[in-house]
2 protein chains.
Amino acid sequence: MTSTARRPSRVAKLPPRERVLDAAEQLFQSEGIRRVSVQAIAERAETTKMAIYRHFETKDALVAEWLRIVAADYQAAFDRVETEHPDRPREQIMGLARFIAEGLPAISHRGCPFINSLAELPDRSHPARQVIEKHKAHQTRRLVGMCTDAGLPDPEQAAAEITFVLEGAQVSTHNGSIDQTGDRLMRIVDGILNRPHSPLDTPRTTAT
Amino acid sequence: MTSTARRPSRVAKLPPRERVLDAAEQLFQSEGIRRVSVQAIAERAETTKMAIYRHFETKDALVAEWLRIVAADYQAAFDRVETEHPDRPREQIMGLARFIAEGLPAISHRGCPFINSLAELPDRSHPARQVIEKHKAHQTRRLVGMCTDAGLPDPEQAAAEITFVLEGAQVSTHNGSIDQTGDRLMRIVDGILNRPHSPLDTPRTTAT
DNA sequence: TCCGCTCGATACCGATGGGTATCGTTTGGG
DNA sequence: CCCAAACGATACCCATCGGTATCGAGCGGA
């Protein structure tokens, strides 16, 4: 999840812009956006506020850039499961579920960055919001594609169900209302993929 | 969801404390907690900041009180479906799902108050956090009870799945990544309840 | 060598916001 | 009728925070 492997994450002699993004990543994730001041980011990045404003127009721009990076991490996860399980859409989806499930412990204190940012940025005009919406739309499209490839009946509905479950698992992990969310999540997704789709049964509710 | 039926919601000649709670409810829901100043609440309630601080120790206490009210609304929804469908746990659960599904359009701009508050209040020690956790735990307990009564194999797992789906539907509605979330949600919950439980699969607690 | 860019440091500005003090006015119960 | 409590209004204090201005030190390239 928080992609601690992307960059050394050890603030060292990286160029300041990278150090700032590293620091922002850590602080935004653990403390939230609005609770973290630019000053705090500067200190954590071992630089100054001025240096930050040389690289980013405003704090909002920095937030948007951070979310772009997080989105790229998720995209990378999609890419990885696709290359690891070529032409095996079911295993690709299970790989995605595992990616989320394994990230759950890391977000148990603090939630999913997208969900949190959505709550912290009510303005739809905020640049970060557009990053999120674009990312989510792209992710949904890709998941629907996998469900289609997996031969699931009504792939859009299946993608919706998987999305709901993935998001919900993160929320429930965050508020601690349910235990063993990782295991439960894997079992649920497995159940969705291996559901016996009785051909007589399907024309029940107003399916598309 | 936002329970516009609970109180007149029309700021009139209610006692100031009620007017403050009304105003806080509307503003916190639509704008978020941290973006709403006490001053703004006072203006909306047609009173002053001082009057607010006569009834609430701090802003945090007001936030907690607001969430207590929201939680009570949800509890009322539980009570309602139980009395409307006595001894029919499946219909009770469907009623809950419908309660959430019908609330989705109202939260399409802004998300579920609990999820949002969780994101806005990272401190586990915040009084509002304890309200949320207590409420979520209670809700989970009740849902597990319904699943048990419904004779579902592994009721805890079923309750987890339903919870995930309900939370996820709210998140996905908020970020707009999926369309027709209400219909999809109802179909999913229906599928969970009417799933053919293969008798070999789960020799678990065959609770009544 | 010298020019220009980036970097670091500090001080500052203006706005916002939580919370308090004060004072005059309303209001309802004994 | 009278008093005390609650109310409304205003002004204020102080901390935080986004963003800016300035100045001097390093540093790479021509």
Side-chain angles (χ1 to χ4, degrees), chain A residues 7 10-67 116-117 119-123 125-129, chain B residues 11-67 116-117 119-123 125-129:
Chain A
R7 267 177 270 104
R10 196 71 220 99
V11 173
K13 291 303 153 209
L14 290 168
R17 189 174 192 278
E18 294 299 308
R19 296 211 308 271
V20 169
L21 282 173
D22 266 357
E25 178 177 341
Q26 298 168 23
L27 290 174
F28 286 157
Q29 172 60 34
S30 63
E31 307 284 336
I33 295 174
R34 306 186 61 94
R35 288 180 67 92
V36 171
S37 66
V38 178
Q39 175 69 29
I41 298 172
E43 287 172 8
R44 180 121 183 179
E46 291 179 23
T47 179
T48 64
K49 221 163 41 155
M50 268 313 297
I52 293 180
Y53 281 105
R54 282 201 196 90
H55 292 281
F56 304 94
E57 281 283 326
T58 65
K59 183 186 179 184
D60 288 344
L62 173 58
V63 171
E65 186 61 26
W66 164 60
L67 283 176
N116 288 335
S117 299
E120 289 199 88
L121 308 172
D123 317 356
S125 61
H126 193 291
R129 283 291 293 256
Chain B
V11 173
K13 292 303 151 209
L14 291 168
R17 188 173 193 277
E18 293 299 308
R19 296 209 310 271
V20 169
L21 282 173
D22 266 356
E25 177 176 342
Q26 298 169 22
L27 289 174
F28 286 157
Q29 172 60 33
S30 63
E31 307 284 335
I33 295 174
R34 305 185 65 91
R35 287 182 68 92
V36 171
S37 67
V38 178
Q39 175 70 29
I41 297 172
E43 287 171 8
R44 180 121 183 180
E46 291 180 23
T47 180
T48 63
K49 219 163 40 155
M50 269 313 298
I52 293 180
Y53 282 105
R54 279 199 198 88
H55 293 281
F56 303 94
E57 283 282 326
T58 65
K59 182 186 180 184
D60 287 344
L62 174 57
V63 171
E65 187 60 25
W66 164 61
L67 284 176
N116 288 336
S117 299
E120 289 198 86
L121 309 172
D123 316 355
S125 61
H126 193 290
R129 283 290 293 256

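Below, all heavy atoms of this structure are taken into account, side chains as well, without hydrogens, waters or symmetry copies. First the proteins, then the strands, lettered A, B, ... as listed; each starts at 1.
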Distance-only donor-acceptor check, side chains B:Glu25 and B:Gln29, under 3.5 Å: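 No donor-acceptor contact under 3.5 Å links the two side chains.
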Rounding to an integer number of Å, can you tell me how far [X] [atom1] sits from [N] [atom2]?
X: A:Glu43; N: D:dC17; atom1: CD; atom2: P; answer: 10 Å
X: A:Phe56; N: D:dT20; atom1: CZ; atom2: P; answer: 15 Å
X: A:Arg35; N: C:dG17; atom1: CZ; atom2: P; answer: 16 Å
X: B:Arg17; N: D:dC7; atom1: CZ; atom2: C1'; answer: 16 Å
X: B:Gln39; N: D:dA9; atom1: CD; atom2: P; answer: 11 Å
X: B:Glu57; N: C:dT20; atom1: CD; atom2: C1'; answer: 13 Å
X: B:Lys59; N: C:dG19; atom1: NZ; atom2: P; answer: 8 Å

Nucleotide nearest [X] when distance is taken to its side chain, options [options]:
X: A:Ala51; options: C:dT20, D:dG18, C:dG8; value: C:dG8
X: B:Met50; options: D:dT20, D:dG8, C:dT20; value: C:dT20
X: A:Thr48; options: C:dA9, C:dG19, C:dT22; value: C:dA9
X: B:Arg54; options: D:dG19, D:dA9, C:dG19; value: D:dA9
X: A:Ser37; options: D:dG8, D:dG18, C:dT10; value: D:dG18

- prompt: When you measure from the side chain of A:Glu120 to the backbone N and O of A:Arg34, does any donor-acceptor pair fall under 3.5 Å?
  reply: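 Checked: pair present.
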task: Kindly say if A:His55 contacts the phosphate of C:dT6, meaning a side-chain N or O under 4.0 Å from OP1 or OP2.
output: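 The answer is no; no side-chain N or O of A:His55 sits under 4.0 Å from OP1 or OP2.
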